[in-house]
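A quick write-up on the structure given underneath.
Order of appearance sets the numbers: ligands from 1, and atoms from 1 within every ligand. Quick caveat: nothing in here was measured; it's all calculated off a predicted structure. Starting from 1, each residue takes its place in the sequence as its number.
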Amino acid sequence: MSTTRNEAELQAMAKDHLWMHFTRQSTMEKSGVPIIVKGDGHHIWDAKGKQYFDGLAGLFVVNAGHGRRRLAETAARQASELAFFPLWSYAHPAAIELADRLADEAPGDLNRVFFSTGGGEAVETALKLAKHYWKLMGKPTKHKVISRSVAYHGTPHGALAITGIPAMKSMFEPVAPGGFRVPNTNFYRAAEMGAPADDEEAFGRWAADRIEEMILFEGADTVAAVFLEPVQNSGGCFPPPPGYFARVREICDRHDVLLVSDEVICAFGRLGHTFACTGLGYVPDMITCAKGMTSGYSPIGATIVSDRIYEPFSHGDMSFPHGYTFGGHPVSAAVALENLAIFDEEGLNQRVRENSPLFRAELEKLLDLPLVGDVRGDGYFFGIELVKDKGTKETFDDAESERLLRGFLSPALFEAGLYCRADDRGDPVIQLAPPLTIGQPEFREIEQILRDVLTRAQAVL
Ligand SMILES: Cc1ncc(COP(=O)(O)O)c(C=O)c1O
């Protein structure tokens, strides 16, 4: 849409009527809201005409970059031909072909695709499917779910039970019951968890064994599934230690517990593969995905399911009583197929695999700053943890964190022309997940902006 309103009019309308997501509404009163009007490649522009580097691909979404006419035209073509039809008893070519493509790319026997409209719905679908599956298998008490501390898995009540961030749940209690938390794979803070801190493999065994401990504690006959991100986003990009997922897979198999790979962020090239589990060498029972599937040109989510889980639903009068009006929307499905064609033609997955070490090396230069404690991540997905004292790894108290992140860093980074995320759902981190089209010159540009802003941040502490 090209609006005819000027910025002042839009600000006034937003202040009066727009309810922002996960945002303090009072900020609109004080300073208004940044209004983004245009995107092209890895750049975005605000209503004042100022250009920014999109260091977060919108919200881990715009993997192929902004301004792709081809995707916009695909959307328009599909909407002209068939704007909408549901997947309830009927189907349409775009959803069928996309399901085929996703099943082709998913590892092992993950061959069945259930569409939704976003990540939270994909997670909710996986949870309901796991519970229903165990009932059909004659194990009706298997309903609990295990996930990791500080992990974010979405906002529906079921997904919220899996989300491990108390501050996002307490006001909605009681959420769906049966969610249990185990430690995440934050190797930087291993010692504080009482875990092996000088051997990543030993740390990985320790972290995986906490899952088995929880299954045994709750009783394997009550646990339906474990939900894990390949690289955990919330808390600041925790990659899995070597051997972690192989051991988790063994544990899940031993106790008849389903392994769900929540790839809402990590799929579609973010880690250099269509599905991150492929690159990390494990085969889950389900994959949940969304965001990058269309690079954000239209919303869609999917839960990709193994033949084993699908089997009891496949015959007789069985159905899975679950669905969404807009799940597998024709426009979104057509755009997803075109987006994946762009991935193939431009070799975006391979590009990420080749360039990721260069991106990491550029960011690791920041470790010479007193504020930067750790740089971690994989692919085009990195977190930079900020600390008060590098030697002791002491973190900031709530007031300091507020002053540093909200008071200074978020506005200063934006002012300096870099849109990224300063987050304190765990320890304070800056998160980067740019479009997959960038390379070395852009990595350097990001490093230089961060260096300048983080150097100045020292002064506000
Ligand atoms: C790992 C993970 N799962 C689920 C979700 C929820 O996705 P959505 O916001 O599309 O509902 C997110 C969102 O960021 C996510 O990162």
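Using modelled atom types, one finds a donor on one side chain and an acceptor on the other under 3.5 Å when comparing D262 with T288. Residues S261 and Y282 bring a donor and an acceptor atom of their side chains to less than 3.5 Å of each other.
The list of side chain to side chain donor-acceptor pair (under 3.5 Å) pairs with a residue in residues 56-67, not counting sequence neighbours, reads D54-H66, N63-R270. A salt bridge (Lys or Arg N to Asp or Glu O under 4.0 Å) check over residues 285-297, counting only residues at least two apart or in different chains, returns the pairs R249-D285, D285-R308.
The environment of E346 atom CD is dense: over 12 non-hydrogen atoms of other residues, nucleotides or ligands sit within 6.0 angstrom.
Contact shell of ligand 1 (protein heavy atoms, cutoff 4.0 Å): G118, G119, G120, Y152, H153, G154, E229, D262, V264, I265, K291.
Under the side chain to side chain contact (heavy atoms under 4.5 Å, CB included) criterion, K38 pairs with W45, sequence neighbours left out.
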